[in-house]
Amino acid sequence: GNSVTQMEGPVTLSEEAFLTINCTYTATGYPSLFWYVQYPGEGLQLLLKATKADDKGSNKGFEATYRKETTSFHLEKGSVQVSDSAVYFCALSGSGGSYIPTFGRGTSLIVHP
Amino acid sequence: GAVVSQHPSWVICKSGTSVKIECRSLDFQATTMFWYRQFPKQSLMLMATSNEGSKATYEQGVEKDKFLINHASLTLSTLTVTSAHPEDSSFYICSAPKTLGTTEAFFGQGTRLTVV
């Protein structure tokens, strides 16, 4: 079946530090890949997505590239802010004819001033 | 853009009572909606897929009689937690595909249920 593996958190950084959150996946076919962000007490918001190999999704300074050869979709940001503190979920959908998203366990990011 | 609205955002209820959570698609029709449960510091666990005009599809291990799902219209799905117990306390989130058959989904704000 499909699965998404994320690095365990929490990830604790100082403001303006470089961020990487690793995500790898297992799926049949060619799924779409997503990063969602969840702020405290809220639902999930789509942060970025990529629908095919070598696509780069980007939004709000965050980037992730769909790497089929390594089955990865690592999230990066060059300079994090305190307001980026949240839980980040890697997800896939569209594998094997199913459009139900499969989520990773989430990675908590804490950014200190 | 399309929005999914979930209500209430939080609720406290007594053991043995039932609680209804609503999920509405505000500016699009959602023939399918997903209901998730999220435990503290854990990922989202899919509970069921709600289908307008037909029975919901429940994931293995989810009690159908305890978590009643009704998808009465193209814009409304409800999850009722019946005879709630403290172990049902959790964060419940609904979502709907952007359009049927697409991979992107919109999420509600979530409902924090506390059973005392």
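Just so it is clear, the values below take in all heavy atoms, side chains as well, and ignore hydrogens, waters and symmetry mates. To find a chain, count down the sequence lines: A is the first, B the second, and so on, and within it residues start at 1.
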**OP:** Locate the shortest heavy-atom distance separating Pro101(A) from Tyr36(B); write the atom from each residue and the value.
**Re:**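 Looking at all heavy atoms of both residues, the closest pair is CD-OH, 3.4 Å.
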Original post:
Which of residues 84-92 of chain A have a heavy atom under 4.5 Å from any heavy atom of chain B?
Top reply: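 From residues 84-92 of chain A, the residues near chain B are Phe89(A).
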Is [Y] reachable from [X] through a run of hydrophobic residues whose side-chain heavy atoms are each under 4.5 Å from the next?
X        : Y        : value
Tyr36(A) : Val4(A)  : no
Leu48(A) : Ile21(A) : yes
Phe67(B) : Met33(B) : no
Phe91(B) : Met47(B) : no
Trp35(B) : Leu76(B) : no

Subject >> Atom group of Thr49(B) that falls short of 4.5 Å from chain A, counting heavy atoms >> reply: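 Contact with chain A is through the side chain of Thr49(B) alone.
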Original post:
At a heavy-atom separation under 4.5 Å, does Gln6(B) approach chain A through its side chain, its backbone, both, or neither?
Top reply: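 The answer is neither part of Gln6(B).
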Does a sphere of radius 6.0 Å around [atom1] in [X] hold more than 12 heavy atoms from other residues, nucleotides or ligands, not counting ones at 6.0 Å or beyond?
X        : atom1 : value
Lys66(B) : NZ    : yes
Tyr30(A) : OH    : no
Glu15(A) : CD    : yes
His7(B)  : NE2   : no

Atom [atom1] of [X] and atom [atom2] of [Y]: how far apart are they, to the nearest 0.5 Å?
X         : Y        : atom1 : atom2 : result
Leu44(A)  : Gln38(B) : CG    : CD    : 7.0 Å
Glu42(A)  : Ser9(B)  : CD    : OG    : 10.5 Å
Phe106(B) : Leu46(A) : CZ    : CG    : 8.0 Å

**OP:** Return the set of residues passing side chain to side chain donor-acceptor pair (under 3.5 Å) with Glu63(A) (not counting sequence neighbours), or none when no residue passes.
**Re:**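 Glu63(A): no side chain to side chain donor-acceptor pair (under 3.5 Å) contacts found.
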Original post:
Can you say whether Gln6(A) sits under 4.5 Å from chain B via the side chain, the backbone, both, or neither, judging by heavy atoms?
Top reply: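 Interface part for Gln6(A): neither.
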Subject >> Polar side-chain atom of Ser43(B) near backbone of Gly106(A) as donor-acceptor pair, under 3.5 Å >> reply: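 Such a contact is absent between Ser43(B) side chain and Gly106(A) backbone.
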Subject >> Residue pair Arg105(A) / Leu44(B), side-chain heavy-atom distance below 4.5 Å >> reply: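 Arg105(A) does not reach Leu44(B) side chain to side chain.
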